[in-house]
Number of protein chains: 2
Amino acid sequence: MTTNRPETRVERKERTRRAILDAALALCEDSSLAAVSLRQVAKEVGIVPTAFYRHFESIESLGLALVDESFVSLRAMLRDVRRPGVVTTFSGIVDGSVETLLRHVRQHRSHFLFIARERGAGPLSVREAIRHEIELCERELATDLARLPGPDKWTAEDLRVLSNLIVTAMVSTAEQLLSSGARPEAQQSAEKEITETARTQLRMVLIGALNWESRP
Amino acid sequence: MTTNRPETRVERKERTRRAILDAALALCEDSSLAAVSLRQVAKEVGIVPTAFYRHFESIESLGLALVDESFVSLRAMLRDVRRPGVVTTFSGIVDGSVETLLRHVRQHRSHFLFIARERGAGPLSVREAIRHEIELCERELATDLARLPGPDKWTAEDLRVLSNLIVTAMVSTAEQLLSSGARPEAQQSAEKEITETARTQLRMVLIGALNWESRP
DNA sequence: AAGTTCGGTGTACGTTCGTACACTGAAAGC
DNA sequence: GCTTTCAGTGTACGAACGTACACCGAACTT
């Protein structure tokens, strides 16, 4: 049973703000943010168009808020991947990472979908925000890689380059998983194939890394 | 001096069609195709809006035409990369490939820009067309890789996986080159850094490939 | 209890959009 | 030469867009 005490003003505002973010995310499922109109969002939320401005000054700044929000769940995923050494074999790291990625893509479809779209097509400021967040991911990965035997003797530059490669491959994997989800009839087998490919690719890259000689 | 003979009807039609494609491509430089209106294109070309329908039945089918056109130049690039063995060392292959990529991105900016945008944000049919073309590229790369010592003993599946990885990395490199071109003040050094990264990544992947044991 | 703040309303505007329809005039076909 | 074809014209419409402006009423402040 819900307590029926009257809503405070900030609560109500926050609730509407959430509704706007959710509505925008839903509308972004099948077209880019630039193609979403203020009026559509307002109608979806159930407010009058001009009320939108009480929360965001433009669709673009709504986009920036959605980027922040999306990367909260992404960071949660990364924390999940690197949770302290339950597994230490290379195979274990690879399998665990890919499985975690799959789980989070399923769980936060619309966020990943939004990022994948706007990464290439959004307004400049949104693209830059996404690029920046991905760069942070690469840096975090680089510091993790630096603890592995082999890469621990590399130059910082080589570490950067390797994590860029890995993150790129994982972003691509996520995008493939997303588009496989658009056709639910054969989704399971498609997901299996995509994750298997991702696992193999990670292994190939790691083998390359183990045989790499960093020369400064 | 231009010969002044009267234009034939098909010539004139083709000329207008080209103008429409060029105008659309230009308008796509700073927003996605879905956000480009039929009227904008028509105004840019200098025809009345309804005349657009004499050439395309919708913006979407215009998009498909642009995909075709863009991949003509991309295929030209790939032919260029694989031109018969002037160089045979791994380093030679890598350096040559990356340099060719850079050259073609510069030369066909707007085409690459269009593909990069619509690959993630375009209408479904456009996204599928692009995905299909990229898959063709991966297949061609796979048959090339199959001639290399090492990969020549691989399973078809492993070859597919490796070329998917390489193509993904190259697509990402192209996208980075494109966004570096948006800020002309430091473009040269940015391009140098990006291509250097791409070279290193290709080498890392190839080293992984040389040490890979394909087990069926 | 009186006054202020502010999320949400309702109307109203000028613009731009896609597209329907009837048309024109020059090249193509006979 | 007369007819047909068809790329391009011009007008006209309803719908959707962003946004300006005056307003309301309930939650807050004092």
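Here is the naming used below: chain letters follow the sequence lines, and residue numbers restart at 1 for every chain. Computed over heavy atoms, backbone and side chain alike; hydrogens, waters and symmetry mates excluded.
- Heavy atoms of other residues, nucleotides or ligands lying less than 6.0 angstrom from CD of Glu185(B) number more than 12.
- Contact check for Phe52(A) versus Leu62(A): side-chain heavy atoms found under the 4.5 Å cut-off.
- One atom, CZ of Arg12(A), and another, C1' of dA26(D), lie 10 Å apart when rounded to the nearest Å.
- Residues Arg117(B) and Leu33(B) are not in side-chain contact: their nearest non-hydrogen atoms beyond the backbone lie 4.5 Å or more apart.
- Look at Ser37(B) and you won't find any side-chain N or O under 4.0 angstrom from OP1 or OP2 of dT16(C).
- Atoms CD (Glu11(B)) and P (dC6(D)) sit 17 Å apart, rounded to a whole Å.
- Each of dG8(D), dT9(C), dT19(D) was ranked by its minimum atom distance to the side chain of Leu38(A); first place goes to dT19(D).
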- request: Could you walk me through whether Glu99(A) and Thr195(A) pass side-chain hydrogen bond (donor to acceptor under 3.5 Å, both in side chains), step by step?
  value: CA-CA 8 Å; Glu99(A) 195 205 320; Thr195(A) 52; over 6 Å; no
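- What separates NZ of Lys13(B) from P of dC6(D) is a distance of 8 Å, to the nearest Å.
- Residues Glu118(A) and Ser32(A) meet the side-chain proximity criterion, which asks for heavy atoms closer than 4.5 Å.
- Here the nucleotide nearest the side chain of Arg9(B), chosen from dG8(C), dA28(C), dT5(C), is dA28(C).
- No hydrogens or angles were tested; on distance alone, a donor-acceptor pair under 3.5 Å links the side chain of Arg39(A) to the base of dG18(D).
- Per the geometry, NZ belonging to Lys43(A) stands 10 Å off C1' belonging to dA15(D), to the nearest Å.
- Here the side chains of Leu66(B) and Phe71(B) are not in contact, with every heavy-atom distance at 4.5 Å or above.
- Residues Arg15(B) and Glu7(B) are paired through a salt bridge, judged by an N-O separation under 4.0 Å between the basic side chain and the carboxylate.
- Residue Arg18(A) contributes atom CZ, which lies 18 Å from atom C1' of dG7(C) at whole-angstrom precision.
- In this structure, the CD atom of Glu14(A) is 17 Å from the P atom of dC6(C), given to the nearest Å.
- Sorted by residue number, the members of residues 50-57 of chain A with any non-hydrogen atom under 4.0 Å from DNA chain C read Thr50(A), Ala51(A), Arg54(A), His55(A).
- Distance, Ile47(B) CD1 to dG10(D) P: 13 Å, rounded to whole Å.
- Atoms CZ (Arg17(B)) and C1' (dC6(D)) sit 17 Å apart, rounded to a whole Å.
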